[in-house]
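Here the structure is laid out as structure tokens; the discussion comes afterwards.
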There are 2 protein chains.
Amino acid sequence: MNKIEEKCKTKGVRLTDQRRLIAKVMSEATDHPDVDELHKRVSKIDKKVSIATVYRTVKLFEESGILEKHDFKGGKARYEQSPDTHHDHLIDVNSGEIIEFVDDEIENLQNKIAEKYGYKLVDHRLELYGSKIKKN
Amino acid sequence: MNKIEEKCKTKGVRLTDQRRLIAKVMSEATDHPDVDELHKRVSKIDKKVSIATVYRTVKLFEESGILEKHDFKGGKARYEQSPDTHHDHLIDVNSGEIIEFVDDEIENLQNKIAEKYGYKLVDHRLELYGSKIKKN
DNA sequence: ATAATTGCAAATGCTTTGCTTGTGA
DNA sequence: TCACAAGCAAAGCATTTGCAATTAT
């Protein structure tokens with residue numbers, strides 16, 4: 001059984017064939033698929049799963065803290081399995097490739113800034129968009 | 001004449017009554033209105049301006065570097081006049097209020113991270129979401 | 001004069017939802 | 001059993017677009 005299914009059990013999220021399948025596909029994903037792409041992958045295994053169910057399921061999983069939703073620039077929402085440790089994203093503007101990174105210094109600075117203005121940081125979004133430097 | 005109108009002249013963007021009006025309203029805005037709100041403010045002065053024109057105009061202004069578009073969490077795109085110096089945003093999750101801030105250290109770190117992965121930073125998005133700390 | 005702009009309504013693209021039938025615990 | 005989930009198609013929401021009429025230079 002995969003991590004997502006396990007989390008469903010822990011959190012009391014009822015499992016169905018469709019949810020199990022979506023859990024499996026998302027568990028095996030190494031990228032950040034959007035709903036359409038996820039539906040395509042799921043459909044390869046079971047054609048009968050509707051896109052509405054995929055939408056409902058990713059929403060449910062997100063609300064349960066099982067998946068993380070990202071609204072990167074340029075359109076549709078994309079999902080990844082909720083990571084154990086927080087990371088941010090560097091997006092290749094040419095290929096669409098996504099690199100995950102962690103930087104404690106930036107995380108600290110963000111908290112400091114919020115504090116400075118009298119706020120408690122409850123959420124944040126840090127996305128870097130870059131293009132590959134060609135090596136000579 | 002306001003700053004936005006001036007920029008239109010400089011950049012060769014043709015001015016119409018509608019565009020002049022939108023330029024005026026955005027010039028006077030101290031917040032980050034969405035298209036609907038902008039249309040409301042414009043309509044108070046001229047009811048005949050259509051929302052389609054507002055959409056077309058903010059898009060045009062954005063592409064000309066006159067306005068900056070932001071897709072903060074939770075729905076519609078919001079706009080502000082392109083600032084002279086870059087800043088990021090701290091959004092009050094309760095009131096929706098937006099605080100602009102500048103932090104050179106974070107800016108530098110972002111460049112360093114992109115570099116570290118072999119990328120040139122072409123764009124970025126840093127948004128902090130916080131709730132006010134109550135003073136006792 | 002004439003290429004660009006507007007207003008309107010229809011179309012779009014992503015996402016959600018009402019309803020009826022099916023199903024997991 | 002029976003509250004919840006799935007499938008389908010229709011609806012929703014922000015945004016875009018085709019087209020005929022209007023306007024800026």
Side-chain angles (χ1 to χ4, degrees), chain A residues 1 4-26 32-43 45-64 66-79 96, chain B residues 1 4-6 8-25 32-43 45-64 66-79 96:
Chain A
M1 187 173 30
I4 296 179
E5 259 193 63
E6 274 169 23
K7 283 189 188 168
C8 285
K9 292 244 160 99
T10 306
K11 293 166 193 280
V13 171
R14 182 187 268 184
L15 279 166
T16 63
D17 288 350
Q18 292 87 333
R19 290 183 184 172
R20 248 184 284 268
L21 184 44
I22 291 166
K24 174 183 156 65
V25 171
M26 280 307 297
H32 300 66
D34 59 44
V35 171
D36 214 57
E37 173 60 27
L38 177 52
H39 182 236
K40 270 181 203 149
R41 294 183 195 175
V42 161
S43 297
I45 307 176
D46 181 352
K47 285 190 206 312
K48 293 181 305 302
V49 178
S50 79
I51 188 114
T53 295
V54 179
Y55 271 107
R56 278 193 272 239
T57 303
V58 291
K59 190 176 200 181
L60 172 69
F61 283 0
E62 195 216 339
E63 286 163 355
S64 311
I66 294 169
L67 290 183
E68 224 171 65
K69 180 184 185 179
H70 300 292
D71 290 288
F72 298 135
K73 295 195 182 198
K76 10 198 170 179
R78 305 172 60 165
Y79 291 85
Chain B
M1 187 174 28
I4 295 179
E5 259 192 63
E6 274 169 23
C8 286
K9 292 245 161 97
T10 306
K11 293 166 193 278
V13 171
R14 183 186 266 186
L15 279 165
T16 63
D17 289 349
Q18 292 88 332
R19 289 182 185 172
R20 249 183 285 268
L21 184 45
I22 291 165
K24 175 183 156 64
V25 172
H32 301 65
D34 58 44
V35 171
D36 213 58
E37 173 61 26
L38 177 52
H39 182 236
K40 269 181 202 148
R41 294 181 195 176
V42 161
S43 297
I45 307 176
D46 181 352
K47 286 190 206 311
K48 294 182 304 301
V49 178
S50 78
I51 188 113
T53 295
V54 179
Y55 271 107
R56 278 192 272 238
T57 303
V58 292
K59 190 175 200 182
L60 172 70
F61 284 1
E62 196 216 338
E63 286 163 356
S64 311
I66 294 169
L67 290 182
E68 224 171 64
K69 179 184 185 180
H70 300 292
D71 290 287
F72 298 135
K73 295 194 184 199
K76 10 199 171 181
R78 304 173 61 165
Y79 291 85

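In what follows, every chain begins at residue 1, and chains take the letters A, B, ... in the order their sequences are listed.
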**Request:** Please indicate whether A/K24 has more than 12 foreign heavy atoms, meaning atoms of other residues, nucleotides or ligands, lying under 6.0 Å from its NZ.
**Result:** no
**Message:** Base contacts versus sugar-phosphate-only contacts with protein, heavy atoms under 4.0 Å: please encode nucleotides 10-22 of chain D as B, S and - from 5' to 3'.
**Reply:** ----SBBBB----
**Item:** Shortest non-hydrogen separation from A/P33 to A/L38 and the atoms involved
**Value:** CB-N, 4.3 Å
**Message:** Testing the basics here: between A/I22 and A/V54, what is the closest heavy-atom pair and its distance to 0.1 Å?
**Reply:** CD1-CA, 3.9 Å
**Message:** Rounded at 0.5 Å granularity, tell me how far CD1 in A/I45 sits from NZ in A/K48.
**Reply:** 12.0 Å
**Prompt:** So how far is it from A/R56 CZ to A/R19 CZ, rounded to the nearest 0.5 Å?
**Reply:** 9.5 Å
**Message:** So which atom in A/V49 and which in A/S43 form the shortest heavy-atom distance, rounded to 0.1 Å?
**Reply:** O-OG, 4.5 Å
**Message:** Please give me the minimum heavy-atom distance between A/C8 and A/F61, naming the atom from each residue.
**Reply:** SG-CE1, 3.6 Å
**Request:** Provide the closest heavy-atom pair for B/E6 versus B/M1 in the form atom of the first, atom of the second, distance.
**Result:** OE2-O, 3.6 Å
**Item:** First and last nucleotide of DNA chain C, 5' to 3', lying under 4.0 Å from heavy atoms of chain A
**Value:** C/dC14 to C/dA25
**Request:** Kindly write out the residues that satisfy side-chain hydrogen bond (donor to acceptor under 3.5 Å, both in side chains) with B/E62, not counting sequence neighbours, or none if the list is empty.
**Result:** none
**Complete:** Closest heavy-atom pair, B/K76 versus B/D34, reported as atoms and distance to 0.1 Å, is CD-OD2, 3.7 Å
**Item:** Selection: residues 14-23 of chain B, any non-hydrogen atom under 4.0 Å of DNA chain C
**Value:** B/R14, B/T16, B/Q18, B/R19
**Bend angle of the helix from C/dA1-D/dT25 to C/dA25-D/dT1, end axes from five pairs each (to 10°)** = 40°
**Request:** Return the set of residues passing side-chain hydrogen bond (donor to acceptor under 3.5 Å, both in side chains) with B/K11 (not counting sequence neighbours), or none when no residue passes.
**Result:** none
**Complete:** In this structure, OH of A/Y79 is separated from CD1 of A/I66 (nearest 0.5 Å) by 13.0 Å
